[in-house]
Number of protein chains: 2
Amino acid sequence: MGHMTSEHRPALPATPPLTERQEARRRRILHASAQLAGRGGFDAVQMREVAELSNVALGTLYRYFPSKIHLLVATMQDQLQHMHTTLRKRPPTESDPGARVAQTLMRAFRAMQREPHLADAMVRALTFADRSVSPEVDTVSRLTTAIILDAMGLDSAATPEQLSAVRVIEHTWHSALITWLSGRASIAQVKIDIETVCRLIELTGPQRPE
Amino acid sequence: MGHMTSEHRPALPATPPLTERQEARRRRILHASAQLAGRGGFDAVQMREVAELSNVALGTLYRYFPSKIHLLVATMQDQLQHMHTTLRKRPPTESDPGARVAQTLMRAFRAMQREPHLADAMVRALTFADRSVSPEVDTVSRLTTAIILDAMGLDSAATPEQLSAVRVIEHTWHSALITWLSGRASIAQVKIDIETVCRLIELTGPQRPE
DNA sequence: ATCGGTTCTGTAACTTGTTCTAGATTAGCG
DNA sequence: CGCTAATCTAGAACAAGTTACAGAACCGAT
């Protein structure tokens, strides 16, 4: 009896609909994860502590998130959603697409500077994830791409070259974050790297001026 | 007791000279690490196995490499040295600096395709490393920079802009590798990303004012 | 309200990175 | 050579991620 509930299954193996209590549990878990991560970074997110803090048994935690990496990547999804809606409220002011992307990424970067431990936990999990987490990491990647494309302010679809540039920007964004988080690059350095890579956008097949 | 010779300096610099047997032990450890990594990637490098395979006690292994991450980053240093000398023997044939860098990185990439498990172990360790491994990761970064600068064929010193471009290329290189290793990007995709980012070099010519 | 299957809980066990300890071995030096 | 300090070995012990399992609680359908 497949009713017509809003159920699209393009990718994931049909997430069974969660009851209210289950949704609440999921929330509590993600909240506890972000809280612990914000306090002490990747290492401070200990599965036993997450379970206790969210009033859930350890086994249940693992039923919701099959590994610590899954949990932290899901936490990043959550935070990115917030970031995306926040950024949409105040679109970048620059006129150049490249400059707009750089401005947006620097805003995101400043948000991370406010919670460096949380950023550490999420980014480390993201880059450490192996194939078993690919779908979730891909979701994060798509979110990041959406944020960048938003910043570019494209009316029409992006060209393949532009998409390549966006992917390179994402690469630089993640890797620059890592070097900053591990203390091997300064904030100024990250800024320069972001601005440098955003110049790629100017190079690519620009939207034809009308 | 307190002799003038540097004894247990908590800091980085002066590695006390190793005896021959110690040098041999270090070699055996690195060899065992690469061997296990080549077989099954990051997870297959288990400290107890490394110790046994290199005929060294577990405590000794930890004296030489204070963590699994340190060990794998050192393994990467080792492999990169090889790669550097190998690449030097056959410099890139392209004429454009950007194309030369892309060609060189694609060669390195093909080498990794021959040992994907080893690449996995090394790259995952590199990006997962925290502050305690910063000096070692920095060494790897300097090696990579040297390879890229070599490929550019610079006679004189690079300009700051060029150095920024090189850093962005490094970011892209690492991150693209990760997406490939975790199965989220194809080999062709990585190639495109490398070629895309290498276009930055053309932008930053030292003898080009505009 | 009751039944049957699923989910959740509490807890123990297992895995692997890391630390610690006591004794054997080695290196450097007079 | 013989001494002393450093290093190495073997093994236990600890920490945190992960798995396993028995019983309680919950959900949906009858």
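Residue numbering restarts at 1 for every chain, and letters A, B, ... go by the order of the sequence lines.
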query = To the nearest angstrom, how far is A/Leu61 atom CG from C/dT11 atom P?
reply = 17 Å

ask   = Within this structure, what is the CD1-to-P distance between B/Ile29 and D/dT7, rounded to whole angstrom?
value = 14 Å

ask   = How long is the line joining CZ of B/Arg21 and P of C/dA24, in whole Å?
value = 18 Å

note = When rounded to the nearest 0.5 Å, the distance separating CE of A/Met122 from CG of A/Leu71 is 12.0 Å

note = Closest of C/dT9, D/dT18, C/dG17 to the A/Met47 side chain is D/dT18

ask   = Taking for each residue the nucleotide of DNA chain C bearing the nearest heavy atom, is the 5' side occupied by A/Leu58 or by A/Tyr64?
value = A/Tyr64

message = Among D/dA16, C/dT18, D/dT7, which nucleotide has an atom closest to any side-chain atom of B/Arg63?
response = D/dT7

Between C1' of D/dT18 and NE2 of A/His70, the distance in whole Å = 13 Å

ask   = Take atom CD in A/Glu52; do more than 12 heavy atoms of anything else shown fall under 6.0 Å from it?
value = no

message = I need the CD1-C1' distance between A/Ile69 and D/dA16, as an integer number of Å.
response = 13 Å

query = Base, sugar-phosphate alone, or nothing: which one does A/Thr19 contact when heavy atoms must sit under 4.0 Å apart?
reply = nothing

request  = Have a look at A/Val50 and say if it touches a base, only the backbone sugar-phosphate, or nothing, with a 4.0 Å heavy-atom cut-off.
outcome  = nothing

key: Rounded distance (Å) that lies between atom C1' of C/dT18 and atom CG of A/Asp43   = 13 Å

ask   = Roughly how many Å is it from CZ in A/Phe65 to C1' in D/dG17, rounded to a whole number?
value = 16 Å

query = Nearest to the side chain of B/Gln46, which nucleotide is it out of C/dG17, C/dC8, D/dT19?
reply = C/dG17

query = Of B/Ile169, B/Ile201, B/Ile147, which meets side chain to side chain contact (heavy atoms under 4.5 Å, CB included) against B/Met152?
reply = B/Ile201

query = Under a 4.0 Å N-O cut-off, is there an ion pair linking A/Glu195 with A/Arg199?
reply = no

query = When all nucleic acid strands are considered with a 4.0 Å heavy-atom cut-off, which category describes B/Arg48: base, sugar-phosphate, or nothing?
reply = base

ask   = Hey, does A/Asn55 reach any base, or is it just sugar-phosphate, or nothing, if we go heavy atoms under 4.0 Å?
value = sugar-phosphate

ask   = Nearest to the side chain of B/Arg25 - C/dT9, D/dT18, D/dT9?
value = D/dT9

key: Partner of B/Ser175 by side-chain hydrogen bond (donor to acceptor under 3.5 Å, both in side chains), out of A/Glu170, A/His171, A/Arg167   = A/His171

task = Measure from NZ on B/Lys68 to C1' on C/dT19 and round the result to the nearest Å.
result = 17 Å

remark   = Against the side chain of A/Ala57, the closest entry in C/dT18, D/dC27, C/dT9 is C/dT9

key: side-chain N/O B/Gln22 vs C/dA27 OP1/OP2, d < 4.0 Å   = no

